[in-house]
Amino acid sequence: MRPLRWFTRLVALTLLSSCLLMAATAVGNRGSPALAVARAASDRQGELRVMVIDVERELAVLRRFYFPYLTRVDWSVWPPEVEQREPVLDFSRHTLYSLDLGRVQFTPLFDYQLHSQSRGLEFVRSGSNAAVYVKLTGEITMLGHDLSNSPRVNVDERETQSLVWSPDGRRLAIKAFRAAPLILLDESGSRTYDVFRDSAPLWSPDSRRILFTQDSFIERNGRLRVYDAESGEILPAVNDIPGRSGVWCDSDRIAFVQVTPDGLHTVQVLDIGTAQITQALDTQTAGGQEILSLSFAPRPECDWLILTMRRPQELVARLYRLHVPTGELTRLGENTRIIALSPEALVYDSNTARVALSVEYATFEQGSMPEVYGRVPSQIEAVVWYGDFRQGLFLRSGELWRIDVRTARSRPLAISTPIESFLIVPTGQ
């Protein structure tokens with residue numbers, strides 16, 4: 001039996017190496033990743049089953065990992081994370097692991113010891129940095145190689161905290177809902193600033209500024225304010241501007257909703273450098289609809305906004321794309337769900353209220369209309385797109401399906417193991 005076991009392992013490792021090599025070749029030749037990492041279903045406590053799948057050839061290798069004190073599995077981030085809580089005498093050792101795809105194993109990143117009676121510990125990670133938040137005591141600690149010198153702060157444990165890393169992963173913004181102070185924690189220590197009580201921090205892409213939007217439920221307009229993350233000073237160009245739902249385009253431009261005295265919604269764009277405000281959507285073009293949400297398309301020109309709107313007293317929400325320079329508004333669909341948003345195209349589902357999924361592809365070009373690229377004859381659980389958003393994988397009742405928008409066809413992969421969640425390996429991994 002022992003030689004057979006080693007032979008089986010050798011075959012599995014050979015197949016895994018082949019999958020990784022073929023995926024790397026596919027990435028190099030076509031620029032589109034074709035390797036997926038999935039969490040397979042398991043009925044054994046503490047067992048984590050990981051599948052590495054070559055999507056193009058429909059080959060898979062299954063690896064089993066055992067975490068006797070497994071407490072959390074996060075398959076929504078890359079690489080996937082695992083956390084376990086191991087009792088050691090009067091203390092519990094909390095360890096955060098991350099998947100190493102090259103060796104197909106979970107490697108420990110950070111660990112933290114806590115009294116066994118304490119509960120509610122949470123790891124918050126950004127790249128190579130991490131913080132640990134103990135909900136019972138309200139203590140937040142920046143984790144590093146030397147835990148004895150790790151900066152830490154204590155916040156009000158009665159408040160639900162908002163922990164937001166800056167995009168560069170150097171600072172952690174700590175904000176308690178309905179509490180005024182903002183705490184910035186980094187390697188040098190902590191600083192506290194007074195901000196809006198009911199607002200969460202929104203970092204600029206360059207990690208230099210923080211936007212706060214105080215939405216008012218009494219008045220139609222709230223207030224906007226931007227702080228310099230280094231000095232804590234308020235930017236004069238964005239001090240108490242009336243508006244709501246502010247979002248960053250780049251580090252110098254902000255879009256926000258502004259409500260007129262008669263209750264109509266508009267969209268304004270602020271250039272922080274010049275303090276100039278430009279109207280991107282007027283009340284007439286909006287057609288009397290309320291703006292529920294807005295976001296910039298990830299383009300360097302900041303020329304397209306994605307809006308969700310509806311008329312008062314209606315339940316139907318509509319998805320639009322707005323060309324900021326011209327104010328041209330294009331209706332995309334009703335009860336929509338955005339599936340993928342890239343600098344070149346918006347892929348969305350315009351039939352989320354139905355069982356069937358219709359995938360539409362709307363390019364960011366003036367005058368271009370959405371095109372229906374494919375239909376899936378079933379309700380789906382998740383969609384991940386690759387290959388310039390022309391191909392994708394989705395889950396359906398534990399099965400992994402592949403959809404090709406070029407042929408408008410979908411079919412299940414030839415994998416018999418039930419899948420709980422999956423991720424497409426990013427390009428370059």
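Scope of the values below: all heavy atoms of this structure, side chains included, with no hydrogens, waters or symmetry mates.
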_side-chain contact (heavy atoms from CB on, under 4.5 Å) partner of V267, the single match among I291, L329, D282, V324_ =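 Answer to the side-chain contact (heavy atoms from CB on, under 4.5 Å) test with V267 among I291, L329, D282, V324: I291.
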Could you tell me whether [X] and [Y] make a salt bridge, using a distance below 4.0 angstrom between a side-chain N and a carboxylate O?
X: R311; Y: E290; result: no
X: D228; Y: R209; result: no
X: D240; Y: R223; result: yes

For [Y], is there any backbone N or O sitting under 3.5 Å from a side-chain donor or acceptor partner on [X]?
X: T266; Y: Q258; value: yes
X: H94; Y: R85; value: no
X: W304; Y: E365; value: no
X: W165; Y: A173; value: no
X: W248; Y: L202; value: yes
X: W203; Y: V164; value: yes
X: T71; Y: E83; value: yes
X: R402; Y: P412; value: no
X: T308; Y: S293; value: no

Separation of [Y] [atom2] from [X] [atom1] (nearest 0.5 Å):
X: L292; Y: M309; atom1: CG; atom2: CE; answer: 9.0 Å
X: F394; Y: W401; atom1: CZ; atom2: CH2; answer: 6.0 Å
X: I241; Y: Q268; atom1: CD1; atom2: CD; answer: 10.0 Å

Side chains of [X] and [Y] in contact at under 4.5 Å (non-hydrogen atoms):
X: L294; Y: I306; result: no
X: I338; Y: L319; result: yes
X: V425; Y: W78; result: yes
X: D100; Y: F106; result: no
X: I210; Y: V226; result: no
X: L101; Y: V37; result: yes
X: T417; Y: M51; result: yes
X: R299; Y: F364; result: yes

*Evaluate side-chain contact (heavy atoms from CB on, under 4.5 Å) for L185 paired with R171, printing each intermediate quantity in order.*
CA-CA 6 Å; L185 184 63; R171 297 186 181 92; over 6 Å; no
Indicate the atoms forming the closest heavy-atom contact of [X] with [Y], along with that distance.
X: S245; Y: V257; answer: CB-CG2, 4.2 Å
X: E47; Y: Y66; answer: OE2-OH, 3.4 Å
X: P79; Y: S98; answer: CG-OG, 2.9 Å
X: P370; Y: L332; answer: CG-CD2, 3.7 Å
X: L270; Y: A275; answer: CD1-C, 4.0 Å
X: V104; Y: R63; answer: O-NH1, 3.6 Å

*Kindly check if the number of other-residue, nucleotide or ligand heavy atoms within 6.0 Å of CD (Q366) is above 12?*
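Counting other residues, nucleotides and ligands, CD of Q366 exceeds 12 neighbours.
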*Could you please spell out the steps behind the salt bridge (charged side-chain N to carboxylate O under 4.0 Å, His left out) verdict for R93 and D111?*
CA-CA 7 Å; R93 180 179 180 181; D111 60 77; 3.7 Å; yes
*asked:* For Q289, run the side-chain hydrogen bond (donor to acceptor under 3.5 Å, both in side chains) check against R318, R310, E314, H265 and tell me which one passes.
replied: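 Only match with Q289 under side-chain hydrogen bond (donor to acceptor under 3.5 Å, both in side chains): R318.
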*Test S199 against T213 for side-chain hydrogen bond (donor to acceptor under 3.5 Å, both in side chains), laying out the working first.*
CA-CA 6 Å; S199 180; T213 302; 5.5 Å; no
*Decide yes or no on salt bridge (charged side-chain N to carboxylate O under 4.0 Å, His left out) for D74 and R72, but give the supporting numbers first.*
CA-CA 7 Å; D74 189 352; R72 182 176 65 91; 3.7 Å; yes
_Stepwise side-chain contact (heavy atoms from CB on, under 4.5 Å) check, V132 with I140_ = CA-CA 6 Å; V132 63; I140 300 175; over 6 Å; no
_Any pair counted as disulfide bond (SG atoms under 2.5 Å apart), so long as it reaches residues 250-308, sequence neighbours left out_ =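 Output for this query lists C249-C302.
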*Begin from the C-alpha positions of R208 and E230 and carry the test salt bridge (charged side-chain N to carboxylate O under 4.0 Å, His left out) through to its verdict.*
CA-CA 7 Å; R208 294 171 50 203; E230 290 287 348; over 6 Å; no
*Intermediate values then yes/no, side-chain contact (heavy atoms from CB on, under 4.5 Å), D250 and F296*: CA-CA 9 Å; D250 54 25; F296 271 106; over 6 Å; no
_Can you tell me how the ring of Y193 sits relative to the ring of Y227, calling it parallel under 30°, perpendicular over 60° and tilted otherwise?_
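Parallel.
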*Indicate whether the side chain of E360 and that of Y348 have a donor and an acceptor atom separated by less than 3.5 Å.*
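A pair is found: one side chain offers a donor N or O, the other an acceptor, under 3.5 Å apart.
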*Under the criterion ring-ring contact (aromatic ring centres under 6.0 Å, His included), which of F65, F67, Y69, F110 is the partner of Y97?*
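Passing option: F67.
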*Give the intermediate values and the outcome of side-chain contact (heavy atoms from CB on, under 4.5 Å) for residues L96 and E81.*
CA-CA 7 Å; L96 182 68; E81 295 178 352; 3.9 Å; yes
